Amino acid sequence: QVQVVESGGGSVQPGGSLRLSCAASGTIFTINTMGWYRQAPEKQREMVATITRGRTTNYSDSVKGRFTISRDNAKNTVYLEMDNLRPEDTAVYYCSIMISRTYWGQGTPVTVSS
């Protein structure tokens, strides 16, 4: 059994920053890829950023240069540093933890507005 819990979401003004955290706990032997996905109202879920166990990263074009994904393997935790936030970044952000299968967190809302 694996539990995934995100935190760090909130409301900011355009140009602001947030740092999301996601910690996995439970029966974990090896975490392969960790990632962040988001879903805005009436839109499909989209990949934001992923990071492999070897720390190879991948970003969606819309966040490149603004977001940074990182991980702490000892803590089974993945982070998403979001800078220069835009209104279109408003969404619920979900953490994914890929072990033998993919586990998802409950999501943490991010709202970017004036």
Side-chain angles (χ1 to χ4, degrees):
Q1 181 173 254
V2 175
Q3 293 180 311
V4 182
V5 180
E6 306 103 327
S7 62
S11 181
V12 298
Q13 296 182 353
S17 298
L18 285 172
R19 190 191 193 209
L20 307 183
S21 299
C22 172
S25 62
T27 305
I28 300 173
F29 298 97
T30 301
I31 298 177
N32 295 314
T33 299
M34 300 181 180
W36 288 96
Y37 295 74
R38 67 187 181 187
Q39 187 166 17
E42 307 300 321
K43 299 191 70 175
Q44 296 184 73
R45 183 184 66 179
E46 65 172 336
M47 186 273 289
V48 176
T50 61
I51 182 167
T52 69
R53 185 169 57 191
R55 292 185 169 83
T56 298
T57 59
N58 185 35
Y59 297 92
S60 70
D61 289 340
S62 63
V63 307
K64 284 182 179 178
R66 300 188 298 119
F67 291 10
T68 303
I69 188 170
S70 61
R71 64 189 285 172
D72 185 333
N73 290 338
K75 296 181 178 180
N76 292 327
T77 299
V78 61
Y79 306 93
L80 185 68
E81 176 69 32
M82 305 186 293
D83 297 318
N84 193 24
L85 284 160
R86 304 167 180 170
E88 53 263 41
D89 294 318
T90 296
V92 177
Y93 284 70
Y94 297 90
C95 173
S96 70
I97 304 295
M98 304 165 200
I99 310 173
S100 59
R101 54 154 291 197
T102 301
Y103 296 87
W104 292 93
Q106 80 288 346
T108 184
V110 171
T111 301
V112 186
S113 63
S114 301

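The shown structure was predicted, so the numbers you read here are calculated from the model rather than taken from an experiment.
Residues Val92 and Gly107 approach most closely at CG1-CA, 3.7 Å, considering heavy atoms. When all heavy atoms of Ile99 and Val2 are compared, the pair lying nearest together is CD1-CG2, 4.0 Å. Residue Ile97 comes nearest to Cys95 through the heavy atom pair CD1-SG, 3.8 Å, listed as atom of the first residue, atom of the second, then distance. Nearest heavy atoms, Gly9 versus Leu20: N-CD2, 3.5 Å. Nearest heavy-atom pair, Ile51 versus Ser70, reported as atom, atom and distance to 0.1 Å: CD1-CA, 3.9 Å.
Distance check, rounded to the nearest 0.5 Å: OH of Tyr103 to OG of Ser96 gives 13.0 Å. Here the straight-line distance linking atom CG of Asn58 with atom OG1 of Thr50 works out to 4.5 Å at 0.5 Å rounding. The OG atom of Ser25 sits 4.5 Å away from the CD atom of Gln3 when rounded to the nearest 0.5 Å. Atom OG1 of Thr68 sits about 4.5 Å away from atom OH of Tyr59, to the nearest 0.5 Å.
No path of Ile, Leu, Val, Met, Phe, Trp and Tyr side chains, each step under 4.5 Å between heavy atoms, connects Tyr37 with Val110, placing them in separate hydrophobic clusters. Taking hydrophobic clusters as Ile, Leu, Val, Met, Phe, Trp and Tyr residues chained together by side-chain heavy-atom distances below 4.5 Å, Met34 does not share a cluster with Met98.
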Name each donor-acceptor pair under 3.5 Å that joins a side chain in residues 78-91 to protein atoms two or more places apart or in another chain, with its distance.
residue	atom	partner	partner atom	Å
Asp83	OD1	Ser17	OG	2.9
Asp89	OD1	Arg38	NH1	2.9
Asp89	OD1	Arg66	NH2	3.1
Asp89	OD2	Arg66	NH1	2.8
Asp89	OD2	Arg66	NH2	3.4
Asp89	OD2	Arg86	N	2.8
Thr90	OG1	Pro87	O	2.9
Thr90	OG1	Val112	N	2.9
Thr90	OG1	Val112	O	3.4

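With a 4.5 Å cut-off on side-chain heavy atoms, Cys22 and Trp36 count as touching.
Side-chain atoms of Gln106 never come within 3.5 Å of backbone atoms of Val5 as a donor-acceptor pair (strictly under, hydrogens ignored). Side chain of Arg71 to backbone of Arg55: no donor-acceptor contact under 3.5 angstrom is found.
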Derivation and outcome, side-chain hydrogen bond (donor to acceptor under 3.5 Å, both in side chains), residues Ser113 and Thr111: CA-CA 6 Å; Ser113 63; Thr111 301; over 6 Å; no
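Checked against ring-ring contact (aromatic ring centres under 6.0 Å, His included), Tyr94 has no partners two or more places apart in sequence or in another chain.
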